[in-house]
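A short worksheet on the structure shown next.
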Amino acid sequence: MSEDDNSSEEYPTEIHDYLAAFEKSLGSVDEMLKTMMSVSRSELLQKLDPLEQAKLDLVSVYTLNSMFWVYLATQGINPKEHPVKQELERIRTYMNKVKEITDKKKASRLDKGAASRFVKNALWEPNAENEHSSKTPAKGKKRK
């Protein structure tokens, strides 16, 4: 905010830093929106797999509802008593489901064949050959 803004609008000086940070954040949101709007949605969705598409949709709708939450607060309406709160909770539920799916994909998978070979080779199985040839060498033999 410039000095002209400070003189034309009166507000407590204690909140100046908060307002400056808020203005900076709005600028960041504006830049992100311009970036997202520069590419058509259909082009963007074609480049993404279905899980990434779901993530994009969820982030978009969550952002939109969050901005509406802020709008309500600026209008003096308590957003906690507005249906937007339930909508944000519903979106968070879906975000958690997508996160679970992503985590499952990242989790290591059990190769049953390799596991059974590992266990089979790790266990000692006595057989006729091993029983007779498992004698310990005699001690005290002289070397030639």
Side-chain angles (χ1 to χ4, degrees), residues 1-140:
M1 295 188 148
S2 66
E3 289 298 318
D4 293 334
D5 290 339
N6 288 339
S7 62
S8 65
E9 296 182 36
E10 293 185 25
Y11 59 87
T13 56
E14 298 86 31
I15 65 169
H16 176 73
D17 292 338
Y18 294 112
L19 291 175
F22 182 68
E23 184 178 36
K24 184 178 177 183
S25 296
L26 281 178
S28 298
V29 169
D30 188 42
E31 288 299 314
M32 291 299 282
L33 285 173
K34 285 178 183 176
T35 303
M36 284 187 69
M37 301 303 276
S38 67
V39 179
S40 76
R41 183 166 169 74
S42 60
E43 284 180 41
L44 185 60
L45 291 177
Q46 287 176 353
K47 295 177 184 177
L48 300 175
D49 65 4
L51 189 60
E52 294 298 320
Q53 290 176 8
K55 286 180 183 179
L56 177 65
D57 288 340
L58 287 169
V59 167
S60 299
V61 74
Y62 189 82
T63 302
L64 186 64
N65 280 281
S66 296
M67 293 174 80
F68 186 64
W69 176 287
V70 172
Y71 170 76
L72 290 173
T74 62
Q75 299 302 308
I77 300 170
N78 185 358
K80 292 178 182 177
E81 297 172 357
H82 193 276
V84 73
K85 181 180 181 194
Q86 288 82 22
E87 184 65 14
L88 285 168
E89 289 172 0
R90 185 179 73 86
I91 296 165
R92 267 190 229 118
T93 302
Y94 286 114
M95 291 174 109
N96 289 334
K97 287 180 182 181
V98 168
K99 185 179 183 314
E100 287 174 15
I101 293 169
T102 304
D103 291 346
K104 282 182 184 178
K105 280 189 170 186
K106 289 180 184 176
S108 60
R109 302 200 184 231
L110 177 65
D111 183 354
K112 291 181 182 178
S116 82
R117 288 190 303 273
F118 177 77
V119 170
K120 184 177 179 183
N121 290 327
L123 296 174
W124 181 75
E125 291 183 21
N127 56 28
E129 186 179 299
N130 286 342
E131 289 176 8
H132 297 294
S133 64
S134 64
K135 296 177 185 176
T136 57
K139 293 183 181 178

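Residues take their numbers from the sequence shown, with the count starting at 1.
Among residues at least two apart or in separate chains, salt bridge (charged side-chain N to carboxylate O under 4.0 Å, His left out) pairs with a member in residues 54-68 are R41-D57, E52-K55.
Shown here for T35 and S38, the closest heavy-atom pair between the two residues is O-OG, 2.6 Å. Across all their heavy atoms, V84 and P79 have their closest contact at CG1-O, 4.0 Å. Residues K85 and K80 come closest through the heavy atom pair CD-O, 3.4 Å.
For Y71, there are no ring-ring contact (aromatic ring centres under 6.0 Å, His included) partners two or more places apart in sequence or in a different chain. For K47, there are no salt bridge (charged side-chain N to carboxylate O under 4.0 Å, His left out) partners at least two apart in sequence or on another chain. Every residue was checked against the side chain to side chain contact (heavy atoms under 4.5 Å, CB included) condition with A21, not counting sequence neighbours, and none meets it. Qualifying side-chain hydrogen bond (donor to acceptor under 3.5 Å, both in side chains) partners for N96, counting only residues two or more places apart in sequence or in other chains: none.
Put simply, CG on L72 and CD on Q75 are 8.0 Å apart, with the number rounded to the nearest 0.5 Å. Here CG of L33 is found 11.0 Å from OG of S28. Values are rounded to the nearest 0.5 Å. Atoms CG and NZ, on D103 and K99 in that order, are 4.0 Å from each other to the nearest 0.5 Å. In this structure, CG on D30 lies 11.0 Å from CE on M37, to the nearest 0.5 angstrom. Taken to the nearest 0.5 Å, the CD atom of Q53 stands 5.0 Å off from the CG atom of L45. In this structure, T93 OG1 and R90 CZ are separated by 9.0 Å, a value rounded to the nearest 0.5 Å.
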Pairs under 3.5 angstrom only: tabulate donor-acceptor contacts from the side chains of residues 58-69 to other protein residues two or more places apart or in another chain.
from, atom 1, to, atom 2, distance (Å)
S60, OG, L56, O, 2.8
Y62, OH, R92, NE, 3.3
Y62, OH, R92, NH2, 3.4
T63, OG1, V59, O, 2.7
N65, ND2, V61, O, 2.8
S66, OG, Y62, O, 2.8

